[in-house]
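To keep things clear, I will list the structure first and then write my remarks on it.
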Number of protein chains: 2
Amino acid sequence: MKQMVQQTATRISESLNQSRGVELTPLQSALAVAADADVLSLAMGLPDPSLFPVSAIQEAVARVLSFSRSALQYTLPCETLKKKICSLMLDRGVDCSPDCIFLTSGAQQAISLVSTLLLSIGSSIVEEELSYPNFQCLVDSFRPQILRVPTNSTCGIDVDVVEKLLVKGVRPALIYVMATAHNPLGVTLSRDKRRRLALLAREFEVPIVEDDPYGALFYDIEPIPSLCSFDQQWIYYVGSFSKILCPSLRVGWVVAPEECIKPLSIIKEGCDLNISTFSQWIVNDFLDSENIVGHTELLRKVYRGKRDAMNAALEKHMPQNVHWEIPACGIFFWLDLPEHVNASALLSRCVSEEKVAFLPAEAFSRNKRSNGMRLNFSHRSIDQITEGVARIGRVLHR
Amino acid sequence: MKQMVQQTATRISESLNQSRGVELTPLQSALAVAADADVLSLAMGLPDPSLFPVSAIQEAVARVLSFSRSALQYTLPCETLKKKICSLMLDRGVDCSPDCIFLTSGAQQAISLVSTLLLSIGSSIVEEELSYPNFQCLVDSFRPQILRVPTNSTCGIDVDVVEKLLVKGVRPALIYVMATAHNPLGVTLSRDKRRRLALLAREFEVPIVEDDPYGALFYDIEPIPSLCSFDQQWIYYVGSFSKILCPSLRVGWVVAPEECIKPLSIIKEGCDLNISTFSQWIVNDFLDSENIVGHTELLRKVYRGKRDAMNAALEKHMPQNVHWEIPACGIFFWLDLPEHVNASALLSRCVSEEKVAFLPAEAFSRNKRSNGMRLNFSHRSIDQITEGVARIGRVLHR
């Protein structure tokens, strides 16, 4: 088990990590590159720290600490925060009760706990050919049979193939889907695809885990209702405050059928006993006192500008044979490179020749697809984005 | 798997939960009772909130937020905090490098990650007959063979039995030990037992997980060096700031052989991606600016007074046939009740007749031992402790 997890992780970190002596995990490797002042990294999916509402958080801390010493104690999950999350879910098209909300230490824990709930040793799962590596890593510990489904940055997951599998009689323990702002592909599924996926989940009684950290970050279109809005019995929704407030408070949530909340709580207590009361209360206070609508509008405005700047830079600097779509939501561009280009090898050259980094296709692909790269546009300034893309372009043209 | 976890959890929560309509986990049941103003609960292992260094934490937050916006970002684990933990470990008799420190979201996550590292499906583990229920709960998901070893509140784990098992050829994946301030028994192992356990671990190459959340809370004796101080290759040490600073920052740590740190990081990333930078930095700042030695001295002084008050109340109110030891460390008294007394039934009577709560033996026992109870003395005031024990005494005398 440990070995399998290690293999997935090694695959991801190898390219970023190869020039370093220390042993780091994939995330740590990427964070180390991101923190390296010498390298202009577009690799990590980090939010822009200049948008963190620092003084609002400072004020929330002061109120929370003066309200009650229980802010620092073990406590029950915060009921008022659950209610406020229900309001946020209305924006995602979901009308749910606080009894269906389960608070977690970030979205990753949410995905991990839901996967633990749904998976047994030897279950099968449906996963896209390019998918979020930290999901792959965590499900590997259950040694699942992986049913890989085609996907791309234009239309996303191939629902026809999912349907064929289910019609054939395959019953995966879960289907992992990022319907909005796919990581790494950036694609957002059409309303029609969402409806079809939800119908399939219900018809074949197969749970879908909808990972939706970027649901509030939409730029051109009105937000499409979440997958969960089409079926609340079979879709397990995962949300997070990491991208709309800040990552380090580690507050995320699950929307799940009410009967799942106690089993999830029991699994969570085994994992880390108690959610941070302090963090929950800070988020709860922030949602009270700050205009969260105004804050997410600001995020969308700034990130839209960065997205457009990255697109302009790509148009200027990329060779003709590189293909991309403009993401309507989220924080990533996906670049399809010509078949002969190995993005991991390209990354090594980019780091050494031009001091610029991205994440190569291999990081997201179990079958070692190599000709693609993910570029983040939320973290860096517009000048850095433009400069970073220009550097990658120079290496590609060499 | 889920069913087994559920069974263990149900066993624990049944007695506390039976009068309630809502479905709660064991911890939640106990927290709900603790939060119920009508019930004087001595059940939970909560620290005294009046001892939380609220203004020092408030000041630390201000410094941390003004230092860098990275306080709210995903980051690498805090190296200076690791160094400060190395200094704290010197007090536990361990001289280790920061490269052997792994930061976690509290001690429970530390135990969970180390167990995930060491256990495979179907492994065996050595556990005391009375042990920490959230350890039992988390290892259940690996369906281990449980090798139960006798223990008591006078001497702790029966090392002779452990030795016999190992000599017989049994090779458990891990032995779970609370050498200092056992939960629930309150007992602290002698130096001789520690030495013997560490020698057995080394001789038979069997890892011991040393769970040490109360190591700094010693009252009569000079602290005995941790089990880990006798062998750093085979003892995995788990520490926490929950009881010496506050629980809700969720910062704990593992001291493990250096080669385990990367595998632990990979498992942790699958579980919850990133430790809270904010929490780590607050603890790090607190350790800089506050006299941690002075703070733990204050904790010891106050808790010693509470322990002595509970002992005096027990002497006054308990029937002759109830036995207990005065704990030298930690936050719990363990009461051995006469064989015919079922503590779970007693708890129901105590809650309904006298509005007082404790944790019954069944919560800690896989083989349903019923004639014992755990009383916490850290959480409540001396008046409440005295009153609570008097109430339990009244029910026992009826």
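All chains are named by letter (A, B, ...) in the order of the sequence lines, taking the proteins before the strands, and each is independently numbered beginning at 1.
Of the atoms belonging to B/Ala107, not a single heavy atom falls under 4.5 Å from chain A. Only the side chain of B/Ile282 comes within contact range of chain A, judged by heavy atoms closer than 4.5 Å. If you measure heavy-atom distances from A/Ile275 to chain B, the contacts under 4.5 Å come from the backbone alone. Residue contact with chain A, scored on non-hydrogen atoms closer than 4.5 Å, is absent for B/Ser55. Residue B/Leu113 does not touch chain A at all, counting heavy-atom pairs closer than 4.5 Å. Only the side chain of B/Lys243 comes within contact range of chain A, judged by heavy atoms closer than 4.5 Å.
At a threshold of 4.5 Å between non-hydrogen side-chain atoms, the residues B/Trp281 and B/Leu81 do not count as touching. Within the 4.5 Å cutoff, side-chain heavy atoms of B/Gln280 are placed close to those of B/Leu103. Side-chain contact between B/Ser115 and B/Ile111 is present, with heavy atoms from C-beta onward closer than 4.5 Å.
Counting heavy-atom pairs closer than 4.5 Å to chain B, the top-ranked of the candidates A/Ser112, A/Pro247, A/Gly270 is A/Pro247. Contact tally against chain A (heavy-atom pairs below 4.5 Å) for B/Gln58, B/Gln109, B/Arg69: the top residue is B/Arg69. With chain B as partner, the option from A/Leu249, A/Thr75, A/Asp99 having the largest number of non-hydrogen pairs under 4.5 angstrom is A/Thr75. Top candidate by heavy-atom pairs under 4.5 Å with chain A, chosen from B/Gly106, B/Ser105, B/Pro47, is B/Pro47.
Using a 4.0 Å cut-off between a side-chain N of Lys or Arg and a carboxylate O of Asp or Glu, A/Asp140 and A/Arg366 qualify as a salt bridge.
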>> side-chain contact (heavy atoms from CB on, under 4.5 Å), that's the test. Do B/Phe278 and A/Val61 meet it? Break it down for me.
In response: CA-CA 12 Å; B/Phe278 193 44; A/Val61 168; 4.2 Å; yes

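With B/Leu119 as the fixed residue, the side chain to side chain contact (heavy atoms under 4.5 Å, CB included) test singles out one of B/Ile125, B/Leu138, B/Val114: B/Ile125.
In summary, the side chains of A/Gln108 and A/Tyr132 do present a donor paired with an acceptor at a separation below 3.5 Å, with no hydrogens or angles considered.
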